[in-house]
2 protein chains.
Amino acid sequence: MDDDRVFRALADPNRRRLLDRLCDRNGQTLGQLCESMDMTRQSVTQHLGLLEQANLISTVRRGREKLHFINPVPLYEVYARWIRKFEEGRLGLLHDIKQELERNGN
Amino acid sequence: MDDDRVFRALADPNRRRLLDRLCDRNGQTLGQLCESMDMTRQSVTQHLGLLEQANLISTVRRGREKLHFINPVPLYEVYARWIRKFEEGRLGLLHDIKQELERNGN
DNA sequence: TTGACAGGCAGGTAAAGGCCTGCATATTTT
DNA sequence: AAAATATGCAGGCCTTTACCTGCCTGTCAA
């Protein structure tokens, strides 16, 4: 998995919106996705391209149409490899601060 | 929680690295964090500023030093509100594609 | 086969992002 | 008090990014 591409792809609200739309209904065409995007088709194409490079979506051509499918795997991996470790044992934020301050006699 | 700030903050590899360092050892000063960052102190400050705006870290001043603490809450919320919903019932990606193709007689 | 429809490709522009230098401030140490 | 240390602030530069317009290609249907 390419962490960086995934995080960068998720950085844009429009791209997250596209993922939301695909989550509502998987397998939509470019045209369908454009309807909910308030920008030109070409811009949507670019966003979808970045999502595909990040492996967050997969596509299948059907005649002159192109169907877009969300791929949950990289998202899960981001969680599993990256986010989860920050949760573990780190919920004691205030405890850490307090401890640090006390260690130095403030 | 401000989704957008969090995702944008996570988009940069240097900022993710900073979070990694804080995960290794919580409560480090700016100077300490700089040692592992291969860029000027001022740049690190900017990155830390974005992380703080995203509420991914909290800071405490101690004399002339500034201690940085990681805050796992927004990361958990990103997972809980956003990532998790893409996992649920979406692991059947290939199933979806196959179904869509069959529905149209390909 | 011609017109309509779905999508692809190639620049061009304006804004945002990331990094730097230079200087200022606040705290500690000598 | 003066020097050293830790951080803050401002501005400039260059690259990337997110849009757009304009035009081309492939597919389907009349």
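So you know, we letter chains A, B, ... as the sequences are listed, proteins then strands, and number each from 1.
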Rounded interatomic separation in angstrom, taking CE from B/M39 and P from C/dG18: 10 Å
Axial bend angle, the helix from C/dT1-D/dA30 to C/dT30-D/dA1: five-pair end segments, nearest 10°: 20°
Heavy-atom side-chain contact between B/L67 and B/T59 under 4.5 Å: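 They are not in contact (no side-chain heavy atoms under 4.5 Å apart), so the answer is no.
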Side chain to side chain, B/L19 and B/L51, heavy atoms closer than 4.5 Å: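 Heavy-atom side-chain distance check passes, below 4.5 Å.
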Return no unless some side-chain N or O of [X] is found under 4.0 Å from OP1 or OP2 of [N].
X: A/H47; N: D/dC19; value: yes
X: A/T40; N: D/dC20; value: yes
X: B/R61; N: D/dG8; value: yes

Check ion pair A/R17-A/D12 (N to O, under 4.0 angstrom): no
Under-4.0 Å salt bridge between B/R16 and B/D20: no
Distance, nearest 0.5 Å, that separates CG of A/N14 from OG of A/S43: 9.0 Å
Name the pairs: protein N/O against N/O of nucleotides 2-5 of chain C, kept only if under 3.5 Å.
unit_1 : atom_1 : unit_2 : atom_2 : d
C/dC5  : O2     : A/R64  : NH1    : 3.1

Option from A/L33, A/T40, A/L30 for which side-chain contact (heavy atoms from CB on, under 4.5 Å) with A/T45 holds: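 It is A/L30, the one option of A/L33, A/T40, A/L30 that forms the side-chain contact (heavy atoms from CB on, under 4.5 Å) with A/T45.
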Listed nucleotide nearest any side-chain atom of A/R8, set D/dT17, D/dT7, D/dT21: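 The listed nucleotide nearest to A/R8's side chain is D/dT17.
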